Amino acid sequence: MNENDNFIFDELRLLVDRSALIWLTFMTGVSLMIGLLCLAGALPPAALWSLAWILPTGICLWLVVCHYHKRAKILAQKQQISMMAYHAKQVLEHLQQQIPDTLITDSRIKMRYLARHGIDIDAAMTRLGHNVEKYNELAMAFLKNSDKYEDALYDLMQPDTLMEYGAHAHILRVKANELGLVTLTDTAFFHEIEAYAGDLDVIRDNWKKLSFELDESYGILSEYVKSLALKDDAIDKDGNHMSFKKWGEQLQEAFQALETYDTQKAKTILNELVRFPIDSDITKALKGIISNIDEMMAV
């Protein structure tokens with residue numbers, strides 16, 4: 001613990017020592033009084049046996065002082081842990097603010113690629129409040145699930161599952177519309193209406209068109225995502241993945257553990273997070289927190 005963090009510990013230890021000193025003074029005074037009275041003949045020599053309580057009481061007092069010194073140290077450590085959690089949050093928030101936001105700039109420039117390939121990016125961005133990061137998240141989610149959309153629709157293209165087909169076509173329409181995929185949105189809407197109307201033959205006749213537009217949309221968005229080197233997870237040296245969302249949730253859990261004085265849990269989580277580097281400065285800050293925990297608990 002540093003000088004500032006030692007202040008509370010020293011004050012508590014001093015309070016315990018003063019309390020013990022009062023008891024020692026009282027015990028010494030009583031012992032001297034009995035001894036002097038015995039020397040003066042006011043008390044019989046047998047009265048000296050009454051001083052036998054001094055030794056066990058002194059030992060007990062010493063044990064109590066040691067116990068409360070330890071409690072004071074633990075209390076001071078808890079105070080330090082809470083302060084460390086607070087300052088660690090401040091450091092990481094500051095680091096995140098210092099990271100240049102080149103991704104948003106690059107995204108806005110490269111979104112023109114989407115516009116040139118028939119995607120109504122301006123309307124999509126307006127619906128999303130011009131939130132570039134949100135659009136990128138939706139694009140990556142669409143790419144991850146595009147095969148699932150097509151497989152689910154194909155499996156449901158049966159006479160007795162047309163209502164479910166229509167529901168899945170509706171989901172596809174909403175997702176496509178969010179991304180500005182105008183042609184795919186219109187085609188998915190057509191399939192949705194025909195499914196609710198129960199016209200299976202029309203759906204089958206237009207299946208290749210829907211499948212083609214899904215593939216085309218996938219190709220356009222995939223090129224956009226690749227051009228930005230977007231990814232939605234962190235990777236350690238062994239190739240293991242952790243999503244950025246989970247990484248952030250784990251970091252908050254580590255801070256909560258520190259705030260509740262569970263340093264072992266916090267250290268375990270932080271050691272896991274540094275395996276998945278998000279940013280070199282943030283990784284360095286996390287390693288510094290781990291080092292501080294080790295130094296503090298070694299005292």
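Being a predicted model, the structure only gives us computed values, none of them experimental.
With sequence neighbours left out, K287 forms a side chain to side chain contact (heavy atoms under 4.5 Å, CB included) with V274, T283. K267 is linked by a salt bridge (charged side-chain N to carboxylate O under 4.0 Å, His left out) to D294, counting only residues two or more places apart in sequence or in another chain. For T161, the side chain to side chain contact (heavy atoms under 4.5 Å, CB included) criterion is met by L156, Q158, E164, not counting sequence neighbours. With sequence neighbours excluded, the residues that form a salt bridge (charged side-chain N to carboxylate O under 4.0 Å, His left out) with E253 are K265. With sequence neighbours excluded, the residues that form a side chain to side chain contact (heavy atoms under 4.5 Å, CB included) with A124 are R127, Y135. By the ring pair (Phe, Tyr, Trp, His ring centres under 6.0 Å) test, Y149 pairs with F142, sequence neighbours left out. Considering only residues two or more places apart in sequence or on other chains, E137 meets the side-chain hydrogen bond (donor to acceptor under 3.5 Å, both in side chains) condition with none of them. In this structure, the side chain to side chain contact (heavy atoms under 4.5 Å, CB included) partners of T268, at least two apart in sequence or on a different chain, are Q264.
When hydrophobic clusters are built by joining Ile, Leu, Val, Met, Phe, Trp and Tyr residues whose side-chain heavy atoms come closer than 4.5 Å, directly or via intermediates, M163 is not grouped with L153. L221 and F212 are members of different hydrophobic clusters when ILVMFWY side chains are connected at heavy-atom separations under 4.5 Å. Taken together through direct or relayed side-chain contacts under 4.5 Å among Ile, Leu, Val, Met, Phe, Trp and Tyr, W207 and V202 form parts of separate hydrophobic clusters. Taking hydrophobic clusters as Ile, Leu, Val, Met, Phe, Trp and Tyr residues chained together by side-chain heavy-atom distances below 4.5 Å, M157 does not share a cluster with F190.
Sequence neighbours left out, the pairs with a member in residues 188-197 that pass side chain to side chain donor-acceptor pair (under 3.5 Å) are Y165-H191, H170-E192, R173-E192. Listed by first and then second residue, the side chain to side chain donor-acceptor pair (under 3.5 Å) pairs that reach into residues 111-123 are R112-D122, sequence neighbours excluded.
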Determine, step by step, whether L172 and L214 satisfy the side chain to side chain contact (heavy atoms under 4.5 Å, CB included) criterion, reporting the C-alpha distance in whole Å, the side-chain angles of both residues, the deciding distance to 0.1 Å, and the verdict.
-> CA-CA 10 Å; L172 176 59; L214 255 172; 4.0 Å; yes
Determine, stepwise, if the pair D147 / N145 fulfils side chain to side chain contact (heavy atoms under 4.5 Å, CB included).
-> CA-CA 6 Å; D147 287 340; N145 294 309; over 6 Å; no
Passes side chain to side chain contact (heavy atoms under 4.5 Å, CB included), M125 versus V132? Steps please.
-> CA-CA 7 Å; M125 289 299 293; V132 173; 3.7 Å; yes
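Here the side chain of K134 pairs no donor or acceptor atom with the backbone of L128 at under 3.5 angstrom.
Rounded to the nearest 0.5 angstrom, L270 CG and I290 CD1 are separated by 5.0 Å. Taking CG of L114 as the start and OG of S217 as the end, the distance is 10.5 Å to the nearest 0.5 Å. Rounding to the nearest 0.5 angstrom, the gap separating the CG atom in N206 from the OG atom in S211 is 12.5 Å. The OG atom of S291 lies 12.5 Å from the CG atom of L286; values are rounded to the nearest 0.5 Å.
Nearest approach of V225 to A139, heavy atoms of both residues: CG2-CB, 4.4 Å. Nearest heavy-atom pair, A254 versus A266, reported as atom, atom and distance to 0.1 Å: O-CB, 3.6 Å.
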Could you pull out every donor-acceptor pair under 3.5 Å between side chains of residues 177-189 and any protein atom, sequence neighbours left out?
residue : atom : partner : partner atom : Å
T185    : OG1  : N177    : N            : 3.2
T185    : OG1  : L181    : O            : 2.6
T187    : OG1  : T183    : O            : 3.0
T187    : OG1  : K209    : NZ           : 3.0
T187    : OG1  : E213    : OE1          : 2.4
T187    : OG1  : E213    : OE2          : 3.3

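Applying side-chain contact (heavy atoms from CB on, under 4.5 Å) to I269 and the options Q252, Q256, Q250 leaves one that passes, Q250.
Remark: the N136 side chain and the Y224 side chain contain an N/O donor-acceptor pair separated by less than 3.5 Å.
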